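This is a predicted model, so every value here is computed, not measured.
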Amino acid sequence: MGKRTKKAGIVGKYGTRYGSSIRKVVKKIEISQHSKYNCPFCGKTSVKRHSAGIWDCGSCKKTMAGGAFVLSTPTASDVRTTLSRVKRNALIM
């Protein structure tokens with residue numbers, strides 16, 4: 001059996017509805033939320049989305065909070081960087 005969709009991919013289920021721009025945004029979101037991520041505890045690529053903001057590792061059975069569609073949001077990584085810099089500066093002074 002041949003390939004069913006050429007460009008649509010995961011959003012092929014929507015057909016020609018909702019407009020191409022919205023389908024492109026939804027495609028990016030759905031791909032990121034259905035993919036597996038690296039576990040920060042055990043290091044394996046086995047973290048999957050359980051529900052919005054809840055992520056489960058299939059290997060070490062840990063449950064963690066994260067973003068709605070990705071495990072670690074860009075804002076969260078900025079906050080982590082800032083906090084580590086502030087802690088480092090506090091230790092120096």
Check the hydrophobic clustering (I, L, V, M, F, W, Y; side-chain heavy atoms under 4.5 Å; chains of links allowed) and say if [X] and [Y] are grouped together.
{"X": "F69", "Y": "V25", "result": "yes"}
{"X": "I29", "Y": "V11", "result": "no"}
{"X": "I54", "Y": "L71", "result": "no"}

Are any side-chain N or O atoms of [X] and backbone N or O atoms of [Y], one a donor and one an acceptor, separated by less than 3.5 Å?
{"X": "Y37", "Y": "S32", "value": "yes"}
{"X": "W55", "Y": "C39", "value": "no"}
{"X": "R49", "Y": "A68", "value": "yes"}
{"X": "R23", "Y": "R17", "value": "yes"}

Any idea which heavy atoms bring [X] and [Y] closest together, and the distance?
{"X": "R80", "Y": "S72", "result": "NH2-OG, 2.9 Å"}
{"X": "G67", "Y": "T73", "result": "CA-CG2, 3.6 Å"}
{"X": "T45", "Y": "N38", "result": "OG1-OD1, 2.6 Å"}
{"X": "K44", "Y": "S59", "result": "CD-OG, 3.2 Å"}
{"X": "M64", "Y": "K62", "result": "CE-O, 4.0 Å"}

key: Close side-chain approach of R88 and R85, heavy atoms under 4.5 Å   =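 In short, these two side chains touch, coming nearer than 4.5 Å.
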
task = Go through V26 and Y14 one step at a time and tell me if the side-chain contact (heavy atoms from CB on, under 4.5 Å) criterion holds.
result = CA-CA 10 Å; V26 169; Y14 301 124; 3.9 Å; yes

ask   = At what distance, to the nearest 0.5 angstrom, does NE2 of H50 lie from SG of C57?
value =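 Atom-to-atom, H50:NE2 and C57:SG are 13.5 Å apart.
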
